[in-house]
There are 2 protein chains.
Amino acid sequence: MDKQDRRRRPTISDVAAAAGVSPKTVSRVINNEPGVRAELADQVLEVISKLGFRRNTMASSLRSGRQTATIGLIIEDLANPFYSTIAAAVANVARTHDTQLITVSSEEDPDLEQRQFLQLCQRRVDGMIIVPAGSDHSYTRSEVEMGMRMVFLDRPPSGILADSVVIDNAAGARAGIMSLLEDGHRRIGVVIDSPIIYTARERLAGVRSALADAGIPYDDALVEVGVTNPDEAAHAIATMLDGVDPPTAFFTGNNRSTIGAIQELYRRDSDAALLGFDDFELATLMPRPLTVIAYDVQELGRAAALRLFERIGGDTSWPSETVIPTHLVQRGVQLLKS
Amino acid sequence: MDKQDRRRRPTISDVAAAAGVSPKTVSRVINNEPGVRAELADQVLEVISKLGFRRNTMASSLRSGRQTATIGLIIEDLANPFYSTIAAAVANVARTHDTQLITVSSEEDPDLEQRQFLQLCQRRVDGMIIVPAGSDHSYTRSEVEMGMRMVFLDRPPSGILADSVVIDNAAGARAGIMSLLEDGHRRIGVVIDSPIIYTARERLAGVRSALADAGIPYDDALVEVGVTNPDEAAHAIATMLDGVDPPTAFFTGNNRSTIGAIQELYRRDSDAALLGFDDFELATLMPRPLTVIAYDVQELGRAAALRLFERIGGDTSWPSETVIPTHLVQRGVQLLKS
DNA sequence: GGCTCATAAGACAACGTTGTCAACGACGGG
DNA sequence: CCCGTCGTTGACAACGTTGTCTTATGAGCC
């Protein structure tokens with residue numbers, strides 16, 4: 001280790017030379033191909049472990065043209081529990097296919113998303129799951145034509161026909177609002193992200209549909225759009241509560257907004273009802289009651305990964321859209337005592 | 001697209017033929033090597049974009065022997081916020097080095113950890129960050145000798161000398177316990193994972209050190225080890241509270257146990273003090289007061305990644321151990337109203 | 001014994017790219 | 001006008017592996 005601390009990695013030829021056989025024979029052994037005497041194979045295996053030989057995956061898949069046993073996942077932010085749950089589910093499916101996962105963050109930047117996409121193409125991943133940040137994905141078309149498999153997650157693709165897995169956003173929001181209406185609420189404050197975003201748009205559509213069915217006019221003063229973090233949500237809630245004829249219930253369009261709403265409602269000891277899209281860890285310990293529109297986040301990732309591996313396995317059927325259902329769940333720490 | 005829906009991916013030779021130049025010239029263009037007339041380079045670039053050529057990363061790094069611009073991260077479970085925060089931090093550092101991250105879960109299984117490690121070696125990643133599940137890492141030695149760079153995260157390596165980044169577990173626990181002692185607590189219940197696990201062992205050592213300094217005998221009846229989930233923690237807390245001379249304060253060794261403790265203490269309206277290792281999202285909304293031993297999880301990942309890239313950059317200094325400091329923070333939703 | 005045939009092993013080329021070196025024309029100095 | 005030099009470009013081989021084809025060996029059969 002003093003004069004040569006960085007040994008060269010042994011290659012198939014090194015193994016072959018040390019074992020007194022041809023490189024091809026070593027190749028046969030490491031690939032479990034038939035046509036090698038058991039005795040000789042053992043001998044080769046011994047040399048392999050003695051030299052610490054590891055087949056170079058890159059050379060192997062370059063030559064054989066087979067799969068690279070890698071898939072890509074493009075998400076907005078790995079630190080966000082929603083995305084990390086998806087990543088974990090995808091990785092689990094990948095592992096059952098002996099495939100490794102390259103996860104990259106787009107940081108909600110369409111340009112970065114595209115660059116990451118192309119880099120993954122250059123690595124010749126077998127397929128990709130993408131949670132779109134941008135709104136135009138026609139740039140993927142030429143790659144898809146050249147065989148890249150893609151599944152869109154959480155938001156449908158645009159500018160290209162491809163598989164997608166999405167939540168039943170509109171129906172979930174609609175069901176939630178209908179339950180508020182059944183409880184007698186007539187003024188419902190809505191706090192939601194910008195309708196530029198697919199999920200926000202769909203959820204808002206669900207809200208409007210439920211209100212329309214109940215014959216309740218849509219009141220712009222009770223809808224705050226473009227809310228992206230807890231503080232903005234808290235502020236929006238405060239403003240509505242301070243207005244004339246304040247809402248008796250709130251709908252928050254994602255869990256970040258729900259957190260902000262809980263903070264503000266708790267601070268004021270308000271007993272307004274709260275309905276939030278997305279369940280979240282520790283919702284059961286929140287200091288006030290709330291209802292969440294829940295769905296199986298793992299299933300979202302799992303379904304996308306399964307679809308992707310079907311494609312990789314050779315499925316060439318027409319692109320499908322998988323819709324993950326939602327359901328309403330009561331949350332809040334008060335339930336612990338009942 | 002009807003008869004040949006899967007076009008072959010163009011290679012450098014295809015581009016060369018279409019542009020009427022040699023493959024080497026195309027290579028020079030895509031690598032920004034000098035020695036190509038600007039006019040000719042433009043012409044080549046045009047053909048490249050027309051054909052949708054993407055350099056094959058595998059062939060490139062196979063031939064050039066340069067870095068693969070990939071690093072590996074082996075963690076226990078990507079769905080766990082602690083690990084996903086680390087993964088995000090590592091990915092962020094990686095991106096500044098134009099490197100992509102392959103994240104794999106060991107599922108706390110030493111065998112799987114080793115298999116994943118070897119697979120990453122076969123992919124010739126430039127380096128790896130590993131949160132050890134197993135307790136013996138001598139199996140990495142031959143790879144390290146052949147140039148694999150490794151940084152151990154959250155737990156130090158054993159059986160091999162390598163860089164590591166860990167939390168100041170003992171000092172953090174010690175400081176927390178000392179603060180409970182200052183508040184007058186003399187009977188402190190301890191709920192912690194198995195001491196087989198490095199972090200649990202260190203934290204328990206911190207607890208014992210603080211108690212010893214205060215002259216308080218270590219009472220086995222007040223220490224429950226081997227607790228791995230919230231329910232077990234809640235049960236352990238309940239048992240201690242139901243015993244004779246119950247504790248007036250509890251220390252929980254990680255955030256899962258802390259959650260369980262909160263549930264049980266809230267259920268009973270107990271006003272026992274609670275001190276938990278690990279901060280967590282939404283700790284500010286917990287329905288009772290608690291103190292957490294907090295540290296910068298992102299920094300943990302960031303430090304490990306920075307160290308790894310120093311190694312990849314050629315640093316051959318003696319392995320270092322980076323220790324991330326901790327500090328005490330008050331949490332609980334009651335703070336919102338003050 | 002000569003034949004076929006199956007089996008085992010190796011020779012060789014190729015995957016897509018790039019390092020090395022040679023070839024070419026243009027240019028300027030002696 | 002020749003020669004060395006520079007700037008461009010290409011030919012060729014090689015990275016580590018594997019697909020294809022060939023060769024060597026011996027068993028089995030008439």
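Proteins come first, then strands; the chains are lettered A, B, ... in the order of their sequence lines, and each starts at number 1.
With 3.5 Å as the limit, one finds a donor-acceptor pair spanning the side chains of R55(A) and N31(A). Remark: the T57(B) side chain and the S60(B) side chain contain no N/O donor-acceptor pair separated by less than 3.5 Å. Looking at S61(A) and S64(A), their side chains never bring a donor and an acceptor atom within 3.5 Å of each other.
The terminal axes of the helix from dG1(C)-dC30(D) to dG30(C)-dC1(D), fitted over 5 pairs per end, subtend an angle of 60° to the nearest 10°.
For R37(B), the salt bridge (Lys or Arg N to Asp or Glu O under 4.0 Å) partners two or more places apart in sequence, or in a different chain, are E39(B). Residues meeting the salt bridge (Lys or Arg N to Asp or Glu O under 4.0 Å) test with E310(B), sequence neighbours left out: R307(B). Remark: D126(A) engages T68(A) in a side-chain hydrogen bond (donor to acceptor under 3.5 Å, both in side chains) (not counting sequence neighbours). Residues passing the side chain to side chain contact (heavy atoms under 4.5 Å, CB included) test with S138(B), sequence neighbours excluded: D136(B), R141(B). Every residue meeting the side chain to side chain contact (heavy atoms under 4.5 Å, CB included) condition with Q43(B), not counting sequence neighbours, appears here in chain and number order: L40(B). In terms of the salt bridge (Lys or Arg N to Asp or Glu O under 4.0 Å) criterion, residue partners of D14(A) (sequence neighbours excluded) are, by chain and number, R8(A).
Think of the region where chain A sits on DNA chain C: with heavy atoms and a 4.0 Å cut, that region ends 5' and 3' at dA8(C) to dG16(C).
The ring-ring contact (aromatic ring centres under 6.0 Å, His included) analysis of residues 112-145 of chain A, with sequence neighbours excluded, yields the pairs F117(A)-Y139(A), H137(A)-Y139(A), H137(A)-F152(A). Legend: ring-ring contact (aromatic ring centres under 6.0 Å, His included) pairs involving residues 53-96 of chain A, not counting sequence neighbours: none detected.
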Verdict with reasoning, L78(B) to T103(B), per side-chain contact (heavy atoms from CB on, under 4.5 Å): CA-CA 8 Å; L78(B) 195 48; T103(B) 309; 4.1 Å; yes
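At a threshold of 4.0 angstrom between heavy atoms, the contacts of R66(B) are confined to the sugar-phosphate backbone, with no base atom among them.
A heavy atom closer than 4.0 Å to some atom of DNA chain D occurs in E33(A), these being the qualifying members of residues 33-44 of chain A. Using a 4.0 Å cutoff on non-hydrogen atoms, the parts of residues 13-28 of chain A near DNA chain D are K24(A), S27(A), ordered by number.
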